[in-house]
K.L.:
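Just passing along the structure, written as structure tokens.
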Amino acid sequence: MNAKVLGFGLVAMLILASCENKQNPGYTQAPQEYPVMTVTEQTEVLESVYPATIRGREDIEIRPRVDGFIDAIYVDEGSIVKKGQTLFKINSPQAEQALTSAQAALTSAQAQVNTAKTNVDRIRPLAEKNIVSNVQLMTAEDAYQTALAGLAQAEAALKNAQATVSWTNVTSPVDGLVGEISFRLGSLVNSNHVLTTVSNTSNVYAYFSMDEVSLMQFMENMEGKNHTEKIANLPEVTLTLKDKSVYSEKGKVETIAGMTNTGTGSTNFRVEFPNRQGVLRSGTTGTVSIPRVMDNALVIPQKATFAQQDKRLVYKVQADSVVQTLLTVIPTPDGKNYVVTSGLSSGDVVVTDGIITLSNGRKIIAKSI
């Protein structure tokens with residue numbers, strides 16, 4: 001029993017001594033080993049990613065030019081059509097009536113011309129022999145000229161009526177794909193109705209926007225002396241579709257809008273992508289990625305950093321201690337690293353792991369990785 005009591009007493013003394021040492025301000029914990037890395041310059045490719053909407057190179061609304069009923073629909077949604085191909089047939093009684101009236105007016109005008117011509121031919125020899133006065137001849141010739149003008153008007157009206165009737169055949173103005181067909185057989189339509197849309201998707205446009213601050217930074221980092229040169233020097237753009245697949249063809253930024261939208265504070269970009277296989281369709285969405293090559297970039301692992309409020313910090317090694325250092329960083333596309341734009345210099349040493357157990361000024365044993 002005495003031995004057991006003595007053992008318990010020794011343990012209690014050791015625990016008490018340990019507690020006293022930790023509560024003693026002069027107590028220092030023995031330095032522990034932490035993995036560190038030396039920051040060096042390297043080339044890094046960053047990507048700026050923006051949501052985009054895809055449109056056909058030509059997205060044309062197909063509207064009837066005459067009022068009437070849909071008599072026939074010659075295509076289906078998604079059909080491939082050629083320029084000039086008939087899409088719809090419109091039954092337009094007004095157009096038919098206008099054509100009939102124009103034809104009748106032309107016949108009447110031609111008859112009036114014939115009558116006036118006969119009168120001129122009849123009166124002229126009489127006037128030459130002074131049997132009738134020259135006034136009668138001039139009156140007949142004026143009537144003939146008036147009849148000719150009436151004939152020209154009738155011919156113009158007939159051509160207009162024929163053109164109107166031709167509009168009852170609604171044709172495609174471009175090669176492309178037929179979109180949704182909004183009306184069916186028998187529907188009453190007019191020029192206010194969109195029958196369908198034909199999209200020329202041999203090449204497509206991806207539209208995205210950039211806020212004012214991002215645009216200023218973007219333009220500053222672009223090579224070139226002016227707007228045109230900067231666009232020409234932009235790298236090729238990658239398109240990622242909604243299913244996360246990467247489109248096989250690269251795109252090129254063609255235009256940057258000259259004005260910023262006052263309502264949204266954003267500026268529109270347009271990127272053109274080839275679409276030879278017809279994979280891309282007008283109206284779909286995705287994201288565009290614009291690469292940016294950074295020479296002499298300082299790259300550190302994200303796990304080497306920590307957040308304090310809205311700031312990003314790292315533990316930098318100075319002699320045998322660590323110092324909290326404020327950083328400005330840009331995430332890399334892989335989501336594992338940061339490019340440091342301020343806060344570190346080439347040759348600095350930072351702790352790469354176990355930072356949750358560190359505090360400012362703590363002594364460590366650095367172990368290079």
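Worth saying up front: this structure is predicted, and the values here are computed from it rather than measured. Heavy atoms only: backbone and side chains are in, while hydrogens, waters and symmetry mates are out.
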K.L.:
Closer than 3.5 angstrom, by distance alone: can the side chain of N233 be matched with the main-chain N or O of E223 as a donor-acceptor pair?
P.N.:
yes
K.L.:
Verify the cluster assignment for I131 and I123: are they in a single hydrophobic cluster under the rule of side-chain heavy atoms below 4.5 Å apart?
P.N.:
yes
K.L.:
Count I, L, V, M, F, W, Y as connected when their side-chain heavy atoms are under 4.5 Å apart, and connections chain through other members. Are I60 and I181 then in the same cluster?
P.N.:
yes
K.L.:
Could you tell me whether the side chain of E254 and the main chain of V271 form a donor-acceptor pair under 3.5 Å?
P.N.:
no
K.L.:
With heavy-atom distances below 4.5 Å as the criterion, would you say the side chains of K316 and Q318 are in contact?
P.N.:
yes
K.L.:
Taking all non-hydrogen atoms of both residues, which atom of H193 and which atom of P64 are closest, and how far apart?
P.N.:
O-CD, 3.3 Å
K.L.:
Do the side chains of I70 and K89 get nearer than 4.5 Å, heavy atoms only?
P.N.:
no
K.L.:
If hydrophobic clusters are built by linking Ile, Leu, Val, Met, Phe, Trp and Tyr wherever their side-chain heavy atoms come under 4.5 Å apart, do V314 and V322 end up in the same one?
P.N.:
no
K.L.:
For the backbone of T107 and the side chain of Q110, can you confirm whether one donor and one acceptor N or O come within less than 3.5 Å of each other?
P.N.:
no
K.L.:
Between S166 (side chain) and A163 (backbone), is there a donor-acceptor pair under 3.5 Å?
P.N.:
yes
K.L.:
Is a side-chain donor-acceptor pair under 3.5 Å present for D121 with T118?
P.N.:
no
K.L.:
With side chains defined as the heavy atoms from C-beta onward, is the minimum distance between L280 and Y247 less than 4.5 Å?
P.N.:
yes
K.L.:
So do the side chains of I256 and H227 get within less than 4.5 Å of each other, counting heavy atoms only?
P.N.:
yes
K.L.:
Taking atom CG of L313 and atom CZ of F306, what is their separation to the nearest 0.5 Å?
P.N.:
4.5 Å
K.L.:
Please examine the side chains of V81 and D175, heavy atoms only from C-beta on, and report whether any two atoms are closer than 4.5 Å.
P.N.:
no
K.L.:
In this structure, are over 12 heavy atoms from other groups packed under 6.0 Å from K252 atom NZ?
P.N.:
yes
K.L.:
Return the minimal non-hydrogen interatomic distance between T328 and S342, and the atom names on each side.
P.N.:
OG1-OG, 2.7 Å
K.L.:
Checking side-chain contact (heavy atoms from CB on, under 4.5 Å) against L87, which of I73, T171, L195, V198 comes through?
P.N.:
V198
K.L.:
Measure from the side-chain N and O atoms of T332 to the backbone N and O of N337, and report whether any donor-acceptor pair falls under 3.5 Å.
P.N.:
yes
K.L.:
Decide yes or no on side-chain contact (heavy atoms from CB on, under 4.5 Å) for L215 and V213, but give the supporting numbers first.
P.N.:
CA-CA 5 Å; L215 177 64; V213 174; over 6 Å; no
K.L.:
Taking all non-hydrogen atoms of both residues, which atom of V194 and which atom of F183 are closest, and how far apart?
P.N.:
O-CE1, 3.6 Å
K.L.:
Consider only side-chain heavy atoms of I, L, V, M, F, W and Y, link residues closer than 4.5 Å, and tell whether V299 and V350 are in one cluster.
P.N.:
no
K.L.:
Compute whether any side-chain donor of one residue and acceptor of the other, for T238 and S289, lie under 3.5 angstrom apart.
P.N.:
no
K.L.:
With a 4.5 Å heavy-atom cut-off, do K367 and V36 have their side chains touching?
P.N.:
no
K.L.:
Under 3.5 Å, is there a donor-acceptor pair between the side chain of T325 and the main chain of V323?
P.N.:
yes
K.L.:
In terms of hydrophobic clustering (I, L, V, M, F, W, Y; side-chain heavy atoms under 4.5 Å; direct or indirect links), are L344 and L358 co-clustered?
P.N.:
no
K.L.:
Tell me, with the steps shown, if I90 and N169 meet side-chain contact (heavy atoms from CB on, under 4.5 Å).
P.N.:
CA-CA 6 Å; I90 306 296; N169 292 315; over 6 Å; no
K.L.:
To the nearest 0.5 Å, tell me how far I355 CD1 sits from Q324 CD.
P.N.:
10.0 Å
K.L.:
Test side chain to side chain donor-acceptor pair (under 3.5 Å) on T139 and D142 and set out the steps.
P.N.:
CA-CA 5 Å; T139 301; D142 288 345; 5.7 Å; no
K.L.:
Donor-acceptor pair, distance only, cut-off 3.5 Å: does the side chain of T196 make one with the backbone of E180?
P.N.:
yes
K.L.:
Considering non-hydrogen atoms only, spot the tightest contact between I231 and M222 and give its length.
P.N.:
N-CE, 3.8 Å
K.L.:
Minimum heavy-atom separation for D348 and S345, please, with both atom names.
P.N.:
OD2-N, 2.7 Å
K.L.:
Counting only heavy atoms not in R312 (residues, nucleotides, ligands), do more than 12 fall under 6.0 Å from its CZ?
P.N.:
yes
K.L.:
Is the number of heavy atoms from other residues, nucleotides or ligands within 6.0 Å of CD (E229) greater than 12?
P.N.:
yes
K.L.:
List the steps, then state whether side-chain contact (heavy atoms from CB on, under 4.5 Å) holds for V329 with T341.
P.N.:
CA-CA 6 Å; V329 297; T341 56; 6.0 Å; no
K.L.:
Taking the six-membered ring for Trp, are F269 and Y205 ring centroids under 6.0 Å apart?
P.N.:
no
K.L.:
Tell me every residue that passes side-chain hydrogen bond (donor to acceptor under 3.5 Å, both in side chains) with E272, counting only those two or more places apart in sequence or in another chain.
P.N.:
N203
K.L.:
Could you grab the distance from atom CE of M219 to atom OG1 of T267, nearest 0.5 Å is fine?
P.N.:
9.5 Å
K.L.:
Under the side-chain contact (heavy atoms from CB on, under 4.5 Å) criterion, do E155 and L151 qualify, and how do the steps go?
P.N.:
CA-CA 6 Å; E155 288 174 342; L151 178 61; 4.0 Å; yes
K.L.:
L99 and L158: which non-hydrogen atoms are nearest, and at how many Å?
P.N.:
CD1-CD1, 3.7 Å
K.L.:
Going from CG on D71 to OG1 on T168, what distance comes out if it is rounded to the nearest 0.5 angstrom?
P.N.:
9.0 Å
K.L.:
If you round to the nearest 0.5 Å, how far is OG1 of T264 from CD of E212?
P.N.:
10.0 Å
K.L.:
Would you find a donor on one side and an acceptor on the other, under 3.5 Å apart, between the side chain of S79 and the backbone of D76?
P.N.:
yes
K.L.:
Heavy-atom count around E220 CD within 6.0 Å, excluding the residue itself: above 12?
P.N.:
no
K.L.:
Hey, could you give me the CD/CE distance between E41 and M294, rounded to the nearest 0.5 Å?
P.N.:
11.0 Å
K.L.:
Heavy-atom count around L326 CG within 6.0 Å, excluding the residue itself: above 12?
P.N.:
yes
K.L.:
Any heavy-atom pair between the side chains of V39 and V349 that's under 4.5 Å?
P.N.:
no
K.L.:
Would you find a donor on one side and an acceptor on the other, under 3.5 Å apart, between the side chain of K303 and the backbone of K336?
P.N.:
no
K.L.:
Hey, does the side chain of T115 reach the backbone of A111 with a donor-acceptor pair shorter than 3.5 angstrom?
P.N.:
yes
K.L.:
Can you tell me which residue pairs pass the side chain to side chain donor-acceptor pair (under 3.5 Å) test with a partner in residues 49-65, sequence neighbours excluded?
P.N.:
E58-N200, D59-S199, D59-S282, E61-R63
K.L.:
Any side-chain heavy-atom pair from D320 and I364 closer than 4.5 angstrom?
P.N.:
no
